Every structure is written in structure tokens, then in C-alpha cells.
Amino acid sequence: MKVTINDIAKAAKVSKSTVSKVLNDAPSIPDTTKRKIREIMRELNYIPSSLATHLAKQRCFNIGLLIDLSRKNDFLNHFFYDIIGGVESVIGPLNYELTISNIHTMGQEHFMNRLVLNKKVDGLIMDNSILTKEIAAQLNALSFPFVSLGEMPGVDHLHEVDIDSRLGGKMLTDHLFAQGYKRIAFIGGETNEPIFMNRMSGYAASLEEHGVNIDERLIKPSYANATIGTQLMLELLELDAIPDAVVCMNNAIAFGALRALRERRIQVPAEIGVATFDNYPLAPYTTPALTAVHMDTFELGVAAGEMLMDRINDEQRSERHRLIVPALLERDSTKRK
């Protein structure tokens, strides 16, 4: 049964006119009352009858990219700017502009009111660490176009783009087997992160395909920086049966692993091979240069921009899922053959 303005007024114990004024963001209504009524609207999944149609018809030729600046490290690397460049390469020629908004300072309620309900943008792109099931449900109820950077299992009616991290993990591990390595470790990455689980599953799939059982002692998840990479590599070297190759979560972990091997005077790739996810920022420049799986984040931005513009222009023909295929770059750190 459809929720009406009367239901909201009854639940909030206010008059219909007060609810109407909140819908129009009237300055005469106290902020505490507005927050209370909007919270009830969310709980009851109330959408004003004219709002969805109104939002669909308006165009401001602006696309929003939601970020969370409380996670500063995310925006100190080139991946973030590659994504921006990819999105801009799609929307710019269509006379759209890109607005970057910090959800950390706005908060969920403010961003919905400011960007969506006030039609400051025609669509949104956001990382799956920002997008929640609640936000997705609100945007879908409004038929408001949005795209997730990264997969979100269990969320209905989601349009998402991602790089195939599982395939990347399998490509790296398959390459090491092809080079003659047999005892392959995986180091770095945090177990609560989907990207770690996807990369690990690719590694595990390759082991299974080659008839090798998973040895939990060879899997060492942790925060991914160079110091940790050195520490994890040294721990592997203390095992009774050390690995003859290692897959690293990123360039920082791989750099730390190379440092540990150099300190122990272990030859790379003759004694131990080292491979890494990501070609940036160090893989081509280490000694030896690192074999890497290139995760094209510019293309990720392109895919997100194309998918969002398809949603804005024709919801029916917009694809829901797109995976970017990574590329294996073979270098001296693993070449035995």
C-alpha cells in the first residue's frame, strides 16, 4: 500500500501542512523537526508522487562524483585522478561538467537533499565503500541514475563497474606456474576488503587448477605498505619450506618484499619470483622490474561515465554490470624461461 503524506504526518505527530513545508525545505520549520520528519520518510520509504517525475524531466548537465576525504590516502595516488580523467573523457564531449563532492562533510541526509532532491546533478558515481544499501534504495525509489565503482553483492537494481580482480589474481598465479614456480605465496591486503577477497579467490583458483592445495602458512594478509611487505617476506623466509614465488597485493608490498630478499641475498627471479598487482607507481622501476597485472583505472572511469550517461538517456538499454579485463605485464622479476 502506497505511503501518503497523511501517513507521514500521523507518524510524526504533526500536521499535513508541516510535512508539506518540510518537503519544500521551508525556513520556518526548525531543523530538528525537519530531520525527524525526513527520517520517518526514509523509514516508510515515502516518495512524493510528483518528485520522481520532476527529477527525471529536469536536466542540469552536471554529474556528481561522491568521495570521502576522511580517507586521505585514497586521494594521494594516481588511481583516483585516472578515474576522474576517464569519467571526464566521456561526459565532457556531451557538454556535461563533473562536480566532486565530499560526503564526509555533507553527510547522507545533506547530500540527498542538496545534490539529488534539489537536482544539482543529473546522476551520481560513487565508490562501493561510500554507497550503502540504504542510499541505493533511496536513489532507486526516486529513479535517480547512479553507478557504483565496485561490486555490491545483495543490492538490488545496481549498475556497477569494476576491474576483474579475480581474473588478475589468476593471471599472475598462472604466469608463475608457467615459469616453473611451484610453491607460491600471497602477501598483503586486508581480509575485510572485497578487493582482497577477489584477488585471493583468483590466486586460489589457479592453485586448484594446477593441482596444488592451499597452504595457509603462505597466505599473509595485512595492511599493505612497504614496511609490512618486508616483514611478511621475512616471515615467509622463516618457514621450513619457503615459497619459491610470491604474489603481492600492491607495489608497496612488492617493494618491501624485494628489500627483504636483497637483505638475505636471495636472487630474484632465480630463487624466488615476485609478482604484483598494479603497474603504478613502482613496478617498471624496481630492480629487477616487477611483473605486474595492470588494473586500468582510467578505463574504469570511462566505463562508469558511459554507463551513467546510458542510464540518464535511456534506462532500458543501460547495462548493469561491466568488468574491465586486466593486462599481464611480464618483466624480469619472474622470468625463468
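Here the structure is a predicted model, which means the values were calculated and not measured.
- The distance from atom CD1 of Ile103 to atom CD1 of Ile135, rounded to the nearest 0.5 Å, is 4.5 Å.
- A pairwise comparison of heavy atoms in Ile130 and Asp68 identifies CD1-N, 3.7 Å as the closest pair.
- Residues forming a side-chain hydrogen bond (donor to acceptor under 3.5 Å, both in side chains) with Arg259 (at least two apart in sequence, or on another chain): Thr230.
- Side-chain atoms of Thr297 never come within 3.5 Å of backbone atoms of Ile83 as a donor-acceptor pair (strictly under, hydrogens ignored).
- Here Lys10 contributes atom NZ and Leu44 contributes atom CG; the two are 12.0 Å apart, rounded to the nearest 0.5 Å.
- Shortest non-hydrogen contact noted between Leu290 and Ala254 is CD1-CB, 3.7 Å.
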Arg320 vs His157, side-chain contact (heavy atoms from CB on, under 4.5 Å): CA-CA, chis, key distance, verdict
CA-CA 8 Å; Arg320 290 191 177 275; His157 309 299; 4.1 Å; yes
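- Within the structure, salt bridge (Lys or Arg N to Asp or Glu O under 4.0 Å) contacts touching residues 291-303 (residues at least two apart or in different chains) do not occur.
- Side-chain contact between Ile253 and Asn225: absent, with no pair of heavy atoms (C-beta onward) separated by less than 4.5 Å.
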Which is it for His321 and Glu151 under the side-chain contact (heavy atoms from CB on, under 4.5 Å) test, yes or no, and what are the steps along the way?
CA-CA 9 Å; His321 310 281; Glu151 297 176 304; over 6 Å; no
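- Looking only at side-chain heavy atoms (C-beta outward), Asn198 and Asp164 stay at 4.5 Å or farther from each other.
- A 4.5 Å side-chain heavy-atom check between Ile63 and Leu124 finds every atom pair outside the cut-off.
- At a threshold of 4.5 Å between side-chain heavy atoms, the hydrophobic network of Ile, Leu, Val, Met, Phe, Trp and Tyr places Leu282 and Met249 in two separate groups.
- The closest donor-acceptor contact from the side chain of Asn313 to the backbone of Met309 lies under 3.5 Å.
- Note that CZ of Phe79 is 8.0 Å distant from CG of Asn250, once rounded to the nearest 0.5 Å.
- Using modelled atom types, one side-chain atom of Arg311 and one backbone atom of Phe146 make a donor-acceptor pair closer than 3.5 Å.
- Contact between Lys120 and Cys60 at its shortest, heavy atoms only, is O-SG, 3.2 Å.
- Linking Ile, Leu, Val, Met, Phe, Trp and Tyr whenever their side-chain heavy atoms come within less than 4.5 Å puts Ile324 and Met307 in one cluster.
- Remark: His294 NE2 to Ile163 CD1 distance equals 8.0 Å, nearest 0.5 Å.
- Using a cut-off of 4.0 Å between Lys/Arg side-chain N and Asp/Glu carboxylate O, Arg322 and Glu160 are scored as not salt-bridged.
- Proximity of Asp278 to Val293: side-chain heavy atoms (C-beta onward) are nowhere separated by under 4.5 Å.
- Applying the salt bridge (Lys or Arg N to Asp or Glu O under 4.0 Å) test to every pair with at least one member in residues 264-277, sequence neighbours left out, gives these pairs: Glu238-Arg264.
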Between Arg331 and Asn279, does the side-chain hydrogen bond (donor to acceptor under 3.5 Å, both in side chains) criterion hold? Intermediate values first, please.
CA-CA 11 Å; Arg331 297 196 179 101; Asn279 192 45; 2.9 Å; yes
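- Annotation: salt bridge (Lys or Arg N to Asp or Glu O under 4.0 Å) contacts involving residues 219-234, sequence neighbours excluded, comprise Lys220-Glu235.
- Judged as a side chain to side chain contact (heavy atoms under 4.5 Å, CB included), and not counting sequence neighbours, the contacts of Ala304 are Ile125, Val147, Leu149, Val161.
- The shortest side-chain heavy-atom distance between Val19 and Met41 falls under the 4.5 Å cut-off.
- Remark: the backbone N or O of Gly169 is paired with a side-chain donor or acceptor of Thr173 at under 3.5 angstrom.
- If you take NE2 on His175 and OG on Ser206, they are separated by 11.5 Å, rounding to the nearest 0.5 Å.
- Shown here for Leu131 and Ala136, the closest heavy-atom pair between the two residues is CD1-N, 4.0 Å.
- Within the 4.5 Å cutoff, the side chain of Val247 has heavy atoms near those of the Phe277 side chain.
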Run the numbers on Met233 and Leu236 for side-chain contact (heavy atoms from CB on, under 4.5 Å), then give the verdict.
CA-CA 5 Å; Met233 192 70 241; Leu236 289 173; 4.1 Å; yes
For residues 180-197, which side-chain N or O atoms pair as donor and acceptor with protein atoms under 3.5 Å away, sequence neighbours left out?
{"residue": "Tyr181", "atom": "OH", "partner": "Pro269", "partner atom": "O", "Å": "2.9"}
{"residue": "Tyr181", "atom": "OH", "partner": "Thr334", "partner atom": "O", "Å": "3.4"}
{"residue": "Arg183", "atom": "NE", "partner": "Ala241", "partner atom": "O", "Å": "2.7"}
{"residue": "Arg183", "atom": "NH1", "partner": "Asp215", "partner atom": "OD2", "Å": "3.3"}
{"residue": "Arg183", "atom": "NH2", "partner": "Asp215", "partner atom": "OD2", "Å": "3.2"}
{"residue": "Arg183", "atom": "NH2", "partner": "Ala241", "partner atom": "O", "Å": "2.9"}

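- Asn62 CG to Thr99 OG1: the interatomic distance, rounded to the nearest 0.5 Å, is 3.5 Å.
- Here the closest heavy-atom approach between residue Thr291 and residue Ser333 is recorded as N-OG, 2.8 Å.
- In this structure, the side chain to side chain contact (heavy atoms under 4.5 Å, CB included) partners of Ile100, at least two apart in sequence or on a different chain, are Leu65, Ile67, Ile84.
- Looking at residues two or more places apart in sequence or on another chain, you find a side chain to side chain contact (heavy atoms under 4.5 Å, CB included) between Asn128 and Ser148, Met152.
- By the side chain to side chain contact (heavy atoms under 4.5 Å, CB included) test, Asn6 pairs with Thr4, Lys16, sequence neighbours left out.
- Linking ILVMFWY side-chain heavy atoms closer than 4.5 Å, directly or via other members, places Ile266 and Phe255 in two distinct hydrophobic clusters.
- The ring pair (Phe, Tyr, Trp, His ring centres under 6.0 Å) search around His210 returns Phe177, not counting sequence neighbours.
- Between Tyr203 and Glu208 there is no side-chain heavy-atom pair separated by less than 4.5 Å.
- Taking the side chain as every heavy atom from C-beta outward, Leu167 and Leu323 never approach each other to under 4.5 Å.
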For a side-chain contact (heavy atoms from CB on, under 4.5 Å) check, start with the C-alpha distance between Leu261 and Leu237, then their side-chain angles and the critical distance, and finish with the verdict.
CA-CA 9 Å; Leu261 294 170; Leu237 296 176; 4.2 Å; yes
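- In terms of heavy atoms, Ala257 sits closest to Cys248 at CB-SG, 4.4 Å.
- Under a 4.5 Å side-chain heavy-atom criterion applied to ILVMFWY residues, the cluster that includes Leu329 comprises that residue alone.
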Return all side-chain donor-acceptor pairs below 3.5 angstrom for residues 87-98, not counting sequence neighbours, or 'none' if the list is empty.
{"residue": "Ser89", "atom": "OG", "partner": "Gly86", "partner atom": "O", "Å": "2.7"}
{"residue": "Tyr96", "atom": "OH", "partner": "Arg59", "partner atom": "NH1", "Å": "3.4"}
{"residue": "Tyr96", "atom": "OH", "partner": "Asp122", "partner atom": "OD2", "Å": "3.4"}

